[in-house]
Each structure stands twice: as structure tokens, then as C-alpha cells.
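One-based numbering along the sequence shown.
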Amino acid sequence: MKNKKVIRFIIILISVLANMLLLSACGNQANKQKAEEENVKTNAAEVDDDRNEPAVYLVESIDNLHLGSEKFNIGNYFIRNECQYPNHYYIDSDNVLWGYGDNEYGQLGNGQQYGRDADGEYRIEMTPQKIAENVIHVDFGGYFVIFLTEKGELYGIGANLNGVMGIDVSEDYMENPAITVTTEPVCLMQDVTYARASRRGIIALKNDGSVWWWGEIITTSAKNIENTKGVSYAKPEKMLDDATYVTCGDFCIAAIKEDGTLWTWGNNTFGSCGYDSQDKDFIEEPVMVLEDVKMVWMDEARFDTLEERLSYSISPYTCAYPYVTFVEKNDGSLLACGYEVEGEGSKSHTYMLYGDILRTPGQMNGGVYEEPVTVGYSDLFQRIEFCEKAREPQLQFKGVEFGSSPEEVMGFLDGLDIDYKIVDGISDEEKVYEIVTEDQYFTFCFDDKHELAAIHYSAYGTRNGKINIGMTREEVEAVLNKSCFDEIHSDNNRYITVFYQDDNVYEVGYFDGIVYYVEESMIGNMRGR
């Protein structure tokens with residue numbers, strides 16, 4: 001019996017040592033660059049504690065993610081509709097790419113570059129511009145757009161930034177991205193299978209499995225405020241081999257290799273790379289962080305956007321989680337790491353944050369917040385779940401009656417489990433009291449008798465489903481089957497406030513003929529009219 005125990009112990013020991021050697025070998029073989037062996041060992045761990053309920057993250061569409069045992073097909077992840085203020089790009093059924101919206105950086109590809117008007121407003125082009133034919137995929141980073149053709153040619157249009165458009169870098173591109181742009185499509189790379197755009201960079205997967213990155217990552221929420229720029233290449237730099245998929249967020253990059261290992265690099269201040277980089281803000285070269293991975297998303301779990309019209313605000317349908325990385329493993333489990341991700345092994349750090357941090361911890365003094373803030377994050381992958389975001393939440397408010405007391409409205413919102421805040425002491429016209437939903441999309445306005453007088457919609461649309469943010473004036477008046485009874489124009493006529501009477505009175509704000517807010521009030525109780 002003693003001999004059997006000794007033999008069993010030796011077998012277990014050999015197995016453990018073999019696994020350790022296998023992981024080490026995997027890391028050594030996969031990292032193309034100068035990193036030492038210890039830099040590629042996985043520092044991430046899946047924490048699967050059944051005692052804790054997994055956190056729920058919202059997504060636009062579950063079906064759009066292609067979750068489950070469905071065989072990997074890169075075509076499932078092509079983006080054909082990208083609606084992200086201030087631009088909308090879409091590929092029609094004939095594989096023609098169209099775009100409209102802002103053109104400050106020439107990103108509409110029509111050979112022009114629009115400046116701002118005398119009031120500092122964007123000149124918005126609402127007529128779709130034909131950009132290219134034979135297009136199968138498009139992505140928009142904000143300063144520029146990229147697209148992929150059927151022949152595997154990757155094109156770009158827009159601001160050059162740190163050489164992303166393949167032309168010489170302007171010294172002052174940081175202060176003025178509009179100084180050097182491409183206003184017509186330029187071919188950036190050939191033999192490309194897939195590509196994604198971040199805010200300031202591009203990741204591309206070539207047909208031979210090689211991974212290329214160029215551009216830069218800049219953060220102003222760093223642990224080391226003297227070092228807020230990293231992973232900077234003015235020309236495509238080969239990062240990995242043997243990959244099947246790549247993606248990026250605004251601050252991080254990821255690749256999945258043929259063996260199912262996940263590799264990440266970029267800004268890791270909040271653990272978004274799923275790796276313990278300690279006091280280093282940037283991971284300059286790919287590190288292996290997870291095995292048996294099917295898919296990865298950064299900042300938001302989506303491909304196509306469901307929204308198909310441009311509105312003049314951040315889309316309420318967006319389910320963005322900056323600095324968060326999401327993963328689907330081959331067994332169907334979902335994991336996340338990064339900013340405010342909680343679980344066993346999560347961490348916190350106190351920073352003097354400034355610039356692009358998501359919250360306002362205090363007053364700014366010379367661009368830096370005077371008070372430090374403590375931020376929670378996890379550089380370990382934690383179990384999560386996805387849930388689809390409601391598409392028309394305003395329809396829930398049909399049961400709210402004008403004349404209701406604040407207590408009645410709050411009780412109604414509590415019943416729907418909607419978070420809100422109370423704002424009182426307002427001296428704006430007759431509005432003296434407000435209940436504002438936490439997302440600030442809906443405001444319930446009360447008069448001096450503390451009775452509900454109006455409902456303000458800054459997203460989605462009205463609770464009767466008739467008027468939606470993003471509609472044109474022609475569409476609104478066709479739905480209502482009537483024209484307005486009054487309107488107010490701004491000095492430049494870009495902003496127009498129009499009043500309609502239907503079942504109630506609707507004050508509609510138009511910008512360049514597009515609805516950007518609606519305020520509904522009871523007939524005979526129009527605020528300020």
C-alpha cells in the first residue's frame with residue numbers, strides 16, 4: 001500500500017510538472033518578440049466561485065454575438081452597420097459602402113473635409129455618400145474609418161494620427177488631428193482577413209495568420225502620469241503569428257491563436273488585459289492570459305449596431321463598458337476583467353486621475369483632479385452573464401398620469417426597478433421639481449403644486465411610440481398626420497423648437513431637421529407657453 005501511495009504521488013508530481021512545462025512552452029513559442037519566458041506566462045485565472053452570482057452586463061443583441069457551440073466563422077463577425085455618433089456607415093445588399101455624418105477629418109471619403117461653422121457646430125452631411133464597392137466589413141474609430149474588400153484589401157479614410165493612414169506624421173497631430181487627413185480611401189494593407197479600428201490605432205489579421213498593429217494608445221488615467229502613451233507604431237508592426245481572430249477597444253488589443261489561447265496588450269491600468277502588470281500601465285508586447293477561448297470583445301460586446309439612423313447624441317442602445325474585456329470560452333462560459341469588474345481576487349488602487357476617466361471625483365485644478373479616487377478592478381477573469389438591453393423602455397411609462405404627485409411617480413418607478421434621483425429648487429419657468437432617471441434619458445417635471453406637468457425624453461422616444469429621437473421632421477409630421485401650430489428658430493436656423501398637439505402637446509427639438517429631444521405635456525399645461 002505504501003508503494004502504491006508513493007507511485008501515485010510520483011505520477012501526480014510528474015503530471016503537474018508536465019503541465020507547467022507545457023504552459024511555459026506554449027508561451028515561449030507563441031510570443032514573437034523579445035519578451036523573456038516569464039513575460040508570457042499567464043497571470044490571469046478564471047475565478048468560478050459558485051457561491052457568488054455572476055455580474056450581468058447588457059448587450060444590444062444576444063443573437064448578434066453568435067454565442068454557443070456554433071462553429072467559428074470569421075464572416076459572422078464582419079460589421080455591415082456601424083452607427084456611432086457622429087457618423088453612420090453601412091454596407092448595402094450589393095456590398096456598396098455608404099457613409100454620412102461628420103466630415104471634419106474627411107472620413108466620408110468624398111474628397112472633401114468640412115470644418116465647423118461660425119458657431120463652432122459640426123457641419124453634418126445627412127445625404128449618404130457612396131464610398132466604395134465590393135466591401136464586406138467596416139469599422140469606425142472616431143477619427144477615421146477602415147473597410148475591407150472582397151479581395152482582402154484594407155482601406156482607410158480620415159485623420160492620420162500616428163501614421164494610421166500610411167502617410168507622414170504631422171508633428172502637431174495630437175493637438176489638431178484634422179491637420180493631416182486622407183479624404184479619399186487609401187489602401188493600407190493587402191491579404192487581410194479581418195481588421196478593427198480603435199480610437200487611435202488599427203489591428204489587422206492577415207491571411208497567413210500574422211497579426212499587425214499600428215497607431216498608438218494614449219491614456220490620461222495612468223498610475224504613472226509621466227508615461228501616458230504606449231504601444232506606439234507609425235507603421236504596421238507584426239505582433240503575433242498563428243492567429244484566427246483579432247479585436248481592440250479604445251485602449252487594449254487582443255488576439256486569439258489557433259490553439260485557443262488569448263493574447264492581449266495595451267493599456268492595463270485597470271486590468272483590462274487580464275494580466276497583473278503591477279505598476280506598469282502599458283503592456284507593450286502580447287502576453288498569454290487565457291486558454292480555450294472562442295471569442296473576445298473589448299469595451300462593448302457587439303458587432304453590428306442595431307441602430308440604423310444617426311441621432312445627435314450618444315446612442316441609448318449602446319452598452320459600452322470602457323476598460324472591460326469580455327470573453328466566451330469554448331464551453332460557453334462568459335468571463336470579464338477590467339474596470340469595476342468584481343470577484344475573488346479583484347483589486348483597488350488610488351489614483352490622481354485626470355482627463356479621460358469615466359467619473360468626476362472632484363474639482364479640476366490645471367487639468368488634474370485635486371482629490372485622489374479609489375478605483376476597483378480585476379486583472380483576473382471573473383464569471384459574468386449577458387442580458388439584452390430593453391429596446392423601448394419609454395413604453396413602460398404609459399401608466400403615468402399627468403397631475404400625479406412625486407410620490408406616485410416614484411412608486412411607479414420603484415415598481416419598474418428604475419433608478420432615479422430627485423432634483424428640487426429649480427426656478428426654470430414653472431418647473432420647480434424634477435425626478436430624473438439615473439441614465440438621464442427621462443425627466444418627470446412637476447409644477448409649483450408638485451403635480452406632474454411634463455415628461456422630457458432625451459433618448460428613445462415618446463411613451464406612445466409615435467415620435468422617436470433621430471426622426472426627421474417629415475417623418476414626425478407624417479406619423480402625427482398634422483403640422484405644427486407654433487415654432488421657434490435659432491439665429492442660424494439649425495436648432496428649431498416645434499410644437500404639435502395630438503393626444504397631448506409635444507415640444508420637439510430639431511437639429512438640422514433631426515429630432516434630438518421631445519417634451520410631452522398635458523393640453524392646457526404647456527410650460528412657458
Side-chain angles (χ1 to χ4, degrees), residues 22-35 37 39-44 65-66 70-79 136-137 139 141 146-149 151-154 164 188-198 201-215 217 231 233 235-249 251-268 272-275 283-299 301 303 325-330 335 337 381:
L22 182 60
L23 284 174
S24 177
C26 175
N28 282 328
Q29 145 186 348
N31 195 356
K32 77 115 188 142
Q33 32 320 340
K34 327 126 202 163
E37 178 179 339
N39 289 337
V40 298
K41 289 180 181 177
T42 177
N43 194 45
L65 301 181
H66 301 280
E70 183 178 336
K71 186 177 180 181
F72 180 87
N73 179 358
I74 195 69
N76 289 336
Y77 312 119
F78 289 150
I79 298 172
I136 57 175
H137 169 70
D139 199 14
I146 61 171
F147 62 89
L148 185 64
T149 70
K151 294 181 179 180
E153 298 166 327
L154 179 66
V164 288
L188 305 175
M189 186 175 285
Q190 296 184 345
D191 301 320
V192 176
T193 300
Y194 194 74
R196 295 296 295 268
S198 73
I202 299 171
I203 184 75
L205 172 66
K206 298 196 73 171
N207 297 340
D208 62 3
S210 59
V211 176
W212 301 76
W213 159 262
W214 66 107
I217 297 176
V231 199
Y233 296 104
K235 295 181 180 179
E237 179 77 5
K238 186 178 179 182
M239 308 300 291
L240 280 172
D241 282 307
D242 305 320
T244 59
Y245 183 76
V246 296
T247 193
C248 58
F251 304 99
C252 299
I253 313 113
I256 301 174
K257 299 193 70 174
E258 293 174 355
D259 60 4
T261 54
L262 175 67
W263 297 73
T264 60
W265 64 102
N267 177 250
N268 196 45
S272 315
C273 291
Y275 184 81
I283 298 174
E284 299 283 348
E285 299 183 355
V287 291
M288 190 185 81
V289 297
L290 209 58
E291 296 178 308
D292 200 31
V293 173
K294 177 193 172 189
M295 184 47 56
V296 58
W297 302 267
M298 289 182 155
D299 297 345
F303 296 105
T325 297
F326 302 98
V327 164
E328 180 194 9
K329 299 196 73 176
N330 284 319
L335 309 172
C337 66
F381 284 92

Could you give the distance from [atom1] ([X]) to [atom2] ([Y]), rounded to the nearest 0.5 Å?
X	Y	atom1	atom2	value
Tyr275	Cys337	OH	SG	13.5 Å
Leu148	Ile136	CG	CD1	4.5 Å
Phe251	Asp299	CZ	CG	7.5 Å
Glu291	Asn330	CD	CG	11.5 Å
Ile256	Thr261	CD1	OG1	9.0 Å

Any heavy-atom pair between the side chains of [Y] and [X] that's under 4.5 Å?
X	Y	answer
Leu290	Phe381	yes
Trp214	Lys235	no
Phe326	Leu335	no
Trp213	Lys238	no

Nearest non-hydrogen partners of [X] and [Y], listed with the distance:
X	Y	result
Ser272	Thr325	O-OG1, 2.5 Å
Ile283	Trp265	O-CB, 3.4 Å
Cys273	Cys252	SG-SG, 4.0 Å
Trp212	Lys206	NE1-CD, 3.3 Å
Val231	Gly266	CG2-CA, 3.9 Å
Thr264	Met298	CG2-CE, 4.3 Å

Check: Is any NZ, NE, NH1 or NH2 atom of the basic residue among Asp292 and Lys329 found under 4.0 Å from an Asp or Glu carboxylate oxygen of the other?
Finding: no
Check: Judged by modelled atom types alone, do Asn207 and Thr193 share a side-chain donor-acceptor pair under 3.5 Å?
Finding: yes
Note to self: Quick check on side-chain contact (heavy atoms from CB on, under 4.5 Å): which of Val164, Ile253, Asp139 does Ile202 satisfy it with?
What the structure shows: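 Between Ile202 and the candidates, side-chain contact (heavy atoms from CB on, under 4.5 Å) is satisfied uniquely by Val164.
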Item checked: Audit row: Asp191, Asp208, side chain to side chain contact (heavy atoms under 4.5 Å, CB included) steps and yes/no -> CA-CA 8 Å; Asp191 301 320; Asp208 62 3; over 6 Å; no
Notebook entry, point to check: Is the Phe303 ring parallel, tilted or perpendicular to the His66 ring (thresholds 30°, 60°)?
Noted result: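 If you compare the ring of Phe303 with that of His66, the planes turn out tilted.
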Check: Are the aromatic ring centres of Phe72 and Tyr77 under 6.0 angstrom apart?
Finding: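 Yes; Tyr77 has its ring centre under 6.0 Å from that of Phe72.
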Next item on the list: State yes or no: are the ring centers of Phe147 and His137 separated by less than 6.0 Å?
Entry: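 Judged by ring-centre distance (under 6.0 Å), Phe147 and His137 do not meet the cut-off.
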Next item on the list: Could you give me the CA-CA distance, side-chain angles and deciding distance for Leu65 and Met295, then say whether side chain to side chain contact (heavy atoms under 4.5 Å, CB included) is met?
Entry: CA-CA 9 Å; Leu65 301 181; Met295 184 47 56; over 6 Å; no
Notebook entry, point to check: With distance as the sole test, does Asn267 use its side chain to make a donor-acceptor pair with the main-chain N or O of Ile217 at under 3.5 Å?
Noted result: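 The answer is no, because no donor-acceptor pair under 3.5 Å joins these two groups.
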